[in-house]
Amino acid sequence: MIFDSSYNPYTSRRMMVYGRNGCVAASQPLAAEAGLHILRMGGNAVDAAIATAACLTVVEPTSNGIGADAFALVWMGGELHGLNSSGPAPASISLDAVKKLGHEKMPAFGWIPITVPGAPGAWAELSRKFGRLPLLDVLKPAIAHARKGYPVSPVVGHSWLRAYNGYKAGTSGPEFDEWFRVFAPGGRAPEAGEIWSSPDHARTLEEIGATDGESFYRGGLAKKIAEASEAAGGFLAAEDLKAFKPEWVKPISVGYRGYDVWELPPNGQGIVALAALNILKGYEFSHLESTETAHRQIEALKLAFTAGKQVIADPAYVSKSHVEYLLGDDFAKEARAKMGERAIVPEPFDLPKGGTVYLCTADGEGNMVSYIQSSYMSFGSGIVIPGTGIAIQNRGNEFSLDEGHINRIEGGKRPYHTIIPAFLTKGGMPVGPFGVMGGYMQPQGHVQVIMNTIDFALNPQMALDAPRFCWSENLKVEVERNFPRHIADGLSSRGHEISVSLNTWDFGRGQIIWRDNASGILACGTESRADGAVLAF
């Protein structure tokens, strides 16, 4: 069912790609090529994922960087492994400290929203546990592109200009000078087709590879980061970097029509997608192109988000009973009871007491990786560590300054995370990795892609190409410009406030690799809303 489609209401924008010995799906062609190169060198799916991820920090810096966070789901040895490599807030920061600096909510730019970057730690940990090739060899394609330069791809070029305008308008002060020096050479954003290079970035990747990531957290690079923070009055210190270690976690799942859909547990928002699917499996859907289908999806996601926002935070602050509740039948039944024929504004549940890049890889041995990393808002905080090319994330912007909020800022605490990799299995066997990047669109994209696959029998490329909606708040729903007009009108008649967005970025960017376990054939799709590429052999 997942390799062909008997029902295709939409014209697919790209052709399906098939392979057997390996496959890499990414949002930028040069990054996908880097992963395929590593597979051909004898690396496995994990090596390919690391190579692709590192290359994306160079060729798509508008969405991620060396100073980003990362999460991964790895199928290897007949088991699904989960990695949470999101960093905590600095130990010295606090709610009172931020408010004393004059803030009533967490700022987006500068040193205050910076948390410990986890991506280099993810690369090193994945390589240590599952990789076949030395980390430095795996990083060489990214190093070459950073040193020699590469032509900026079209969607990245568009995003770069938009980001440049945003940072120019939203930042001031000498701490941002390095960002403009590195990412706006000549006083402007590089255009599509123009060569951009970052020798500092290349040297930093070499140092990370040569030291298996140690330099970034306990060596020369850590020293440069800590010194830059101290000079600017930031909270991030050498001790924060030294204390960081990625965490292996147990993935969570729900059953959906004979399949199991897997996500990582909080502090990620994957539980929202699972909760929504658990609600939706109580209904029967016969047509993708219908008002009823879209209405039920939107209402389920509203309720899942509303409940999820009450429980998603650093795992140390999350009640196990709350996670179990959101994934259980009682929550699904309660949510369905709230869902009628009209759009609703969801209210909090009574809980029981107690710019991102996504990629996926597969090799000929059956190993598969679902991987995501992000600097959060485009290039992140606007802080680049001088002489390193390291653009640091602003993930701390997700923290709340409300004393009573589960996601309130505290030293050493990890924030609510939007980035979520996902995986699909059936009968204990892998079907494959999938994901849709893009802030709060991500759980919504996961639900739409999974239903396109399972309920409506679309192959990976069709499942990604189908027009999407994005619920934002209350009754507001945005739809793509190619979203069927009759469905949009039908949703409006049910009380949804529908608007058409001309910006494809609002609807996420995904990748899929499905594997037929009998033949070993890989069926792959990539995102037509990005510079996406699937390479297989």
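- Trp111 and Ser229 share no side-chain donor-acceptor pair at under 3.5 Å.
- Here Arg132 does not pair with Asp363 in a salt bridge; the nearest charged N to carboxylate O distance is not below 4.0 Å.
- Interatomic distance, CD1 of Ile271 versus CD of Glu263, reported as 10.0 Å (0.5 Å rounding).
- Side chain of Gln461 to main chain of Thr526: a donor-acceptor pair is present (N/O by atom type, distance under 3.5 Å, no hydrogens or angles).
- In this structure, Val46 and Leu126 approach most closely via the heavy-atom pair CG1-O, 3.6 Å.
- Using a distance-only test at 3.5 Å, with no hydrogens or angles considered, a donor-acceptor pair links the side chain of Asn64 to the main chain of Leu56.
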Start with the C-alpha gap between Lys224 and Glu207, add the side-chain angles, then the distance that decides, and say whether salt bridge (Lys or Arg N to Asp or Glu O under 4.0 Å) holds.
CA-CA 13 Å; Lys224 290 178 181 179; Glu207 193 164 340; 5.3 Å; no
Steps toward side-chain hydrogen bond (donor to acceptor under 3.5 Å, both in side chains) verdict (Glu527, Tyr358)
CA-CA 10 Å; Glu527 185 57 71; Tyr358 174 79; over 6 Å; no
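- In terms of heavy-atom proximity, Leu326 sits nearest to Ala275 at O-CB, 3.5 Å.
- Between Glu410 atom CD and Asp314 atom CG the span is 9.0 Å, to the nearest 0.5 Å.
- Shortest non-hydrogen contact noted between Pro460 and Cys524 is CB-C, 4.1 Å.
- Asp212 contributes no side-chain N or O that, together with a main-chain N or O of Leu135, makes up a donor-acceptor pair within less than 3.5 Å.
- Side chain of Ser381 to backbone of Ile392: a donor-acceptor contact under 3.5 angstrom is found.
- Arg40 forms a cation-pi arrangement with Phe537, by the criterion of a distance under 6.0 Å to the ring centre and an angle within 45° of the ring axis.
- Expressed to the nearest 0.5 Å, how far CD of Gln28 lies from CG of Asp531 amounts to 6.0 Å.
- Between Phe183 and Phe379, the two ring planes are tilted [angle within 30° to 60°].
- A distance of 13.0 Å separates CD1 of Ile383 from CD of Gln393, quoted to the nearest 0.5 Å.
- Between the side chains of Ser86 and Asn84, at least one donor N or O sits under 3.5 Å from an acceptor N or O.
- Not one N or O on the side chain of Thr418 forms a donor-acceptor pair closer than 3.5 Å with the backbone of Gly439.
- Lys413 forms no cation-pi arrangement with Phe399, by the criterion of a distance under 6.0 Å to the ring centre and an angle within 45° of the ring axis.
- A salt bridge is defined here as a Lys NZ or Arg NE, NH1 or NH2 lying under 4.0 Å from an Asp or Glu carboxylate O, and Glu178 with Arg181 meets this definition.
- Taking each heavy atom of Trp196 and Pro185 in turn, the nearest pair found is CD1-CG, 4.0 Å.
- Listed for the Ser374 side chain is a donor-acceptor partner under 3.5 Å among the backbone atoms of Tyr376.
- A donor-acceptor pair under 3.5 Å is formed between the side chain of Gln373 and the backbone N or O of Ala53.
- Judged by distance alone, with hydrogens and angles left aside, the side-chain atoms of Ser378 form a donor-acceptor pair with the main-chain N or O of Thr62 at under 3.5 Å.
- The two residues Ala222 and Arg218 make their nearest non-hydrogen contact at CB-N, 3.8 Å.
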Start with the C-alpha distance between Phe180 and Tyr167, add both sets of side-chain angles, then the distance that settles ring pair (Phe, Tyr, Trp, His ring centres under 6.0 Å), and finish with yes or no.
CA-CA 9 Å; Phe180 286 96; Tyr167 285 99; 7.4 Å; no
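- Ring-plane geometry between Phe176 and Phe109 is classed as perpendicular, the angle between the planes exceeding 60 degrees on a 0 to 90 degree scale with a lower cut at 30.
- The backbone N or O of Gly121 lies less than 3.5 Å from a partner atom in the side chain of Tyr217, making a donor-acceptor pair.
- Atom-to-atom distance recorded for Ile419:CD1 and Ser63:OG is 11.5 Å, nearest 0.5 angstrom.
- The backbone N or O of Gly149 lies less than 3.5 Å from no partner atom in the side chain of Ser197, so there is not a single donor-acceptor pair.
- For the atom pair Leu522 CG and Tyr18 OH, the distance stands at 11.5 Å (nearest 0.5 Å).
- Comment: Glu227 engages Lys223 in a salt bridge, judged by a side-chain N to carboxylate O separation of less than 4.0 angstrom.
- Residues Ile66 and Phe216 come closest through the heavy atom pair CG2-CE1, 3.8 Å.
- Using a 4.0 Å cut-off between charged side-chain N and carboxylate O, Glu125 and Arg128 make a salt bridge.
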